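Before any comments, here is the structure.
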Amino acid sequence: MKRLQIAIESTTLANGLKVVIAPDTAAPVVTVGVYYKIGFRLEPRGRSGFAHLFEHMMFQGSANAPKMQHIKLINSSGGVLNGSTHYDVTNYYQAVPSNALERVLWLEADRMRALKVDDENLRNQRDVVKEEVRVNVLNQPYGGFPWLDLPPVAFRNWANSHNFYGDFSDLDAADLADVQAFCKTYYVPNNAVLLMLGDLKPEEGFALAKKLYADIPAGAPPPFADPAEPEQNEERRGEVEEKFGTLPAMAIGYVVPKRRTTDWCAMALLDQALHGGRAGKLYRELVLEKQVAVELDGGIEDIFGYNGPTQMVTRILHKPEYSSEQALAAFDEVIREIQENGVSEDELAQLKVKWQSDYFSLLESGHGGMPRYGLMHLLACFTLFDGEPQLVNTVLDGFLSVTRDEILAAANKYLRKEKRAIVFRRPAAAGVKEAA
Amino acid sequence: MATRAVEVNNAVPALAPERQVTWPKRQRARLSNGLEVILVESHTIPKFHGELFFRSGNAAAIDRGTGLAEMTATVVRTGTAKRASRQIEEDLRRIGADLSSSAGADTSAISFAGLSDFAEPLLGMVDELARQAAFPEAEFERERRQKLEEVKLERTQPGFLAGERLRKVLFGAHPYAQVSPSEEQVAAYKRDDLLGVYRDFYTPENALLLLVGDFQPDAMLKAAEKVFGAWQGKKPETKPSARPANPRGRRIYLVHLPGAVQTQILAGCHAITRKHPDWVKLGLTNSLYGGAFNSRLVMNIREDKGYTYSPRSGVNAFRQHGYFSVSAAVRNDVVAASLTEIFYEMDKLRSVPVPESELADAQNYLSGIFSMGLATQNGLLSQIAVVALNELPEDYLETYRQKVRALTPGDLLETARKYLDSANMQIVIVGDRVQIESQAALFGELEVFDAQGKKLS
């Protein structure tokens, strides 16, 4: 089958900033990203939601680009921009016509060197973030389900189990001193990677990186709390009330093996077997055959983009005439079946073709009108977590060499009840009867 | 204060000379059976993306049932004369393909993406679904029951409720007023109705096949002829709908969602289709108003006042009509304050010419983001689809940026006066009436509905 070889060049500046360039002339557009190796997992205790609030603050002004100017300069250059906070990284990215490359690099350098925000900015963005939480979580049916519901049930280490969007009281407690401390600790060049993708020559990109970033002083190596979880030996269950939705829901999460191991690759294909769209065993059984579920999806989200404990999660909305236990029993039957029989040779071949095809699409996938987000994200995570951006070209091999035995073994080792957590989200509305 | 003056620092690097934007060649062809095909090369990944459009959607099926084209599309993929549902799904996975079928107001579509190595089997599957869908009774029943749960569920989403009410208000008796079926309408769907829609809509003369990706166009065209060539069928007759009345006077519609901790605002008025000569002007006016992060509305109610996370405005075009809309999910206690700013920014654009520098910024923005689609197969596909489905001029992609750059402050003032029709905006707010009713009543005659669409007062 046709392979894909992405041209990648990388270097590290004297201050520790990593620079990765992937040139490609398909369009006169460059994508520039800066990833910092800190996400909501390791944000300060007592400051839930802070990593995300801080992400907002990064758009509130820097020494030479006051509030609103960063946004104005990107948009008026013909580009789009955004940022997002993940478990273990926070990213800032923009796609612009390639004639704006230096301008974008200058803006990112300015806020890396000297963020300049005040109390008014902080109050403003605290309000904005609260509306973000309302629109995505508190005022939506199944808002935050299961990404906010499952961690407190599944994990014991605060790093993995707290409210990543933030309790409003914690958001209110955050002050400018927190912003400055967080910035000084984690937003340093030696904890970041600068990425340039698209219409540029590598030598041009490296020269600009040197010119604009080399004099940003390195910080002390940031401290990272240990996110390890104690061994789990019992099934964990929790409940959350669903305020708006009409259907009972549940999410089942199993802990995923350590990244870049053989087990991890086997688990990824197991995930494809279970969750791979309408051909996946779970959708086929619960939605198409038994017709217990109305919606079913899930998997290992952002499989390359985390650097600590994570889960493979199945999300189910089921018909109200089935009890939670009945729906769970149907789910368990699929798990039992794959633990007994694994996958057939033919099925494994299908899974690998699909996995490869999905991987190509992942590299090209965009985000908010921005092309090549997927490739940027993988390059960044492979650089920050593994020190190896070239993994983008080789990581597929591990998945394509998984055997039937390895899948069977992974099913029996990881899909165990004592290794899972379940959250039930039950509608509060009258008329929904739960037999469980 | 609405927008703050931002002084541009001298240290900001200037833009380098603009690089040429070259749109790829679109190869157009018509197969022997009348099927129109457009092929475009894009070698970014060893895959290709495609879409088989039919120029009839839910609007054309409205007399047979609300949402019937969508239901037809849903059931299309569940079985053919040759393959049962499970076989279809496994065969798609075997060639690494994704496929979906759906219908909007004006089109039905089978969308697909797959590995270039398996182009022909994927086209074969698309042809089979377009031509030999079997509508198995059991699959139809299952999908119908599924749909019943879905239509119940969507009535709990503030965004859906706002959109549904606005479309009703703006389009009245026109089919565009119907966003989604009721439970009763879904319960009344018959398999025969779906078969009728399928027979009439899914024909080569009514279709457009778009293919974008890593292939050699001549070889791909040959493959398409081989796969689709034998398919026959006429263009369906279309019945024109009466022009919807344009609502006059500002009115406000409150959809009561008990317990809501935020209010979804959505306001809109009639606008234009993509074929209209004012389309580019309105696009630029919109991007200045609320269509970009840097726009006046976002800077005002988000970055200055912190009322909302996600304010946006947009121009929504159907084939026959269009509408302009502005939305924001805001804190309950600032519903009136947000509406005031929403109208303030509209009226300001209608009253005061846009400064040259702000105009230039917006022109750069719109022409810059227009080229982003070039970078990916999917992006290219959607831009080419817009041109083809709306029958825009052949050189639309090539000349769009010039058209944007030619506009003047006078053009924008005139456009805002015409289409940012603040005096006749229809305002929908979705939230808990106890929290927001008195604020809402400040903006016009108020009607209150529940989530099921029943009028409460």
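The chains referred to below are lettered A, B, ... by the order of the sequence lines, with proteins before strands, and numbering in each begins at 1. Given the structure is predicted, the values throughout are model-derived calculations rather than measurements.
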Chain B contact via [X] - which portion, at a heavy-atom distance below 4.5 Å:
X: A:Q356; answer: neither
X: A:D199; answer: both
X: A:R123; answer: neither

Below 4.5 Å from any heavy atom of chain A, which atoms of [X] appear? Answer side chain, backbone, both or neither.
X: B:T22; value: neither
X: B:A14; value: backbone
X: B:D91; value: neither
X: B:Q377; value: both
X: B:F118; value: side chain
X: B:S42; value: neither
X: B:T44; value: both
X: B:R86; value: side chain
X: B:S116; value: side chain

Task: Geometric class of the A:F59/B:F293 ring pair [parallel <30°, tilted 30-60°, perpendicular >60°] - done: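 B:F293 vs A:F59 ring planes: tilted.
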- [ ] Hey, can you tell me if A:H52 and A:H56 have their rings parallel, tilted or perpendicular (30° and 60° cut-offs)?
- [x] perpendicular
TODO: Please determine, among A:D346, A:L351, A:V133, A:L107, the option with the most heavy-atom pairs under 4.5 Å with chain B.
DONE: A:D346
